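Note that the structure is a prediction, hence the values are computed from the model and not measured.
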Amino acid sequence: MRTLPAPLIGTTIALFLLTACGGTGGGTEPASAPPAPASYSPASPGPDGSPPETGMSPDGSPGAATPVPDAPVGMAESGIGRILVDGEGRTLYLFEKDKNGKSSCDGACAKAWPPYLTEGKPKAEEGAKQDLLSTTKRDDGGTQVVYGDWPLYYYQGDEKAGDTSGHDIEEFGAEWYAVGPNGKKITG
């Protein structure tokens with residue numbers, strides 16, 4: 001008979017107990033459902049018929065920011081309330097560590113939370129307020145879109161328009177929230 005080393009047996013038992021017990025505290029209540037995706041009508045194609053641009057990477061994947069001319073900011077209904085979105089309906093977030101319209105997210109933070117960058121003056125679309133839009137110069141030289149006093153970001157965990165998986169997360173020393181059309185964090 002072959003015996004397993006003691007650390008391997010302990011790990012195996014711990015994994016079995018974790019999977020057998022589940023994550024609902026042993027009760028019979030179902031886990032809560034994730035928030036419903038936001039509903040949004042994306043920006044119209046450009047004058048030449050090209051798709052509207054966003055600040056995500058050219059293939060639309062999260063994790064890299066590309067400057068957008070006249071970066072559009074609109075509003076969408078979501079499972080957490082009315083939120084700000086880019087021209088493709090992707091959720092825009094604020095970082096509570098930012099102060100006075102200046103970003104404090106760079107390096108690894110900016111990879112996880114790519115800044116919404118622009119090459120021009122940001123443009124308010126339906127539901128957003130033009131007078132709350134501005135820009136700030138980042139330490140890396142980019143120009144980031146600001147709404148109210150908050151530089152705007154994407155979240156790399158959002159896979160498509162309407163995702164809000166970055167809402168109410170604490171990372172890189174502060175909380176992250178989706179932004180409402182009033183320029184304040186969404187609570188709830």
Practice task
Step by step, work out the side chain to side chain contact (heavy atoms under 4.5 Å, CB included) result for Leu117 and Val145.
Solution key: CA-CA 6 Å; Leu117 303 177; Val145 178; over 6 Å; no
Is the backbone N or O of [Y] less than 3.5 Å from a side-chain atom of [X], with the two atoms forming a donor-acceptor pair by type?
X: Asp158; Y: Ser165; result: yes
X: Gln130; Y: Ala124; result: yes
X: Tyr147; Y: Pro181; result: yes
X: Lys137; Y: Gly141; result: yes
X: Thr91; Y: Val85; result: no
X: Asn182; Y: Lys184; result: yes
X: Thr135; Y: Gln144; result: no
X: Asp98; Y: Trp150; result: no
X: Thr164; Y: His167; result: no
X: Asp86; Y: Glu88; result: yes

Nearest 0.5 Å, please: how far is [atom2] in [Y] from [atom1] in [X]?
X: Ile186; Y: Asp168; atom1: CD1; atom2: CG; value: 11.5 Å
X: Tyr153; Y: Cys105; atom1: OH; atom2: SG; value: 5.0 Å
X: Phe95; Y: Cys109; atom1: CZ; atom2: SG; value: 4.5 Å
X: Glu175; Y: Glu170; atom1: CD; atom2: CD; value: 5.0 Å
X: Ile83; Y: Leu92; atom1: CD1; atom2: CG; value: 8.0 Å
X: Thr136; Y: Leu152; atom1: OG1; atom2: CG; value: 11.5 Å

Could you tell me which non-hydrogen atom of [X] sits nearest to which non-hydrogen atom of [Y], and how far apart they are?
X: Pro69; Y: Thr118; result: C-OG1, 4.2 Å
X: Leu84; Y: Gly180; result: CG-O, 3.8 Å
X: Ala128; Y: Gly74; result: CB-CA, 4.1 Å

Report yes if some heavy atom in the side chain of [X] is under 4.5 Å from a heavy atom in the side chain of [Y]; otherwise report no.
X: Lys185; Y: Glu96; answer: yes
X: Asp163; Y: Tyr155; answer: no
X: Met75; Y: Glu126; answer: no

Handout entry: Electrostatic pair Asp140:Arg138 at N-O distance under 4.0 angstrom
Key = yes
Handout entry: No-hydrogen, no-angle side-chain donor-acceptor test under 3.5 Å, Trp113 and Glu171
Key = yes
Exercise for the section: Might you confirm whether atom NZ of Lys121 has over 12 heavy atoms from other residues, nucleotides or ligands at distances under 6.0 Å? Expected result: no
Handout entry: Joint cluster assignment, Val73 & Val146, ILVMFWY side-chain distance < 4.5 Å
Key =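 Result: no, two separate clusters.
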Handout entry: Near-ring test Tyr93/Trp176, centroid separation under 6.0 angstrom
Key =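 Centroid separation for Trp176 and Tyr93: 6.0 Å or greater.
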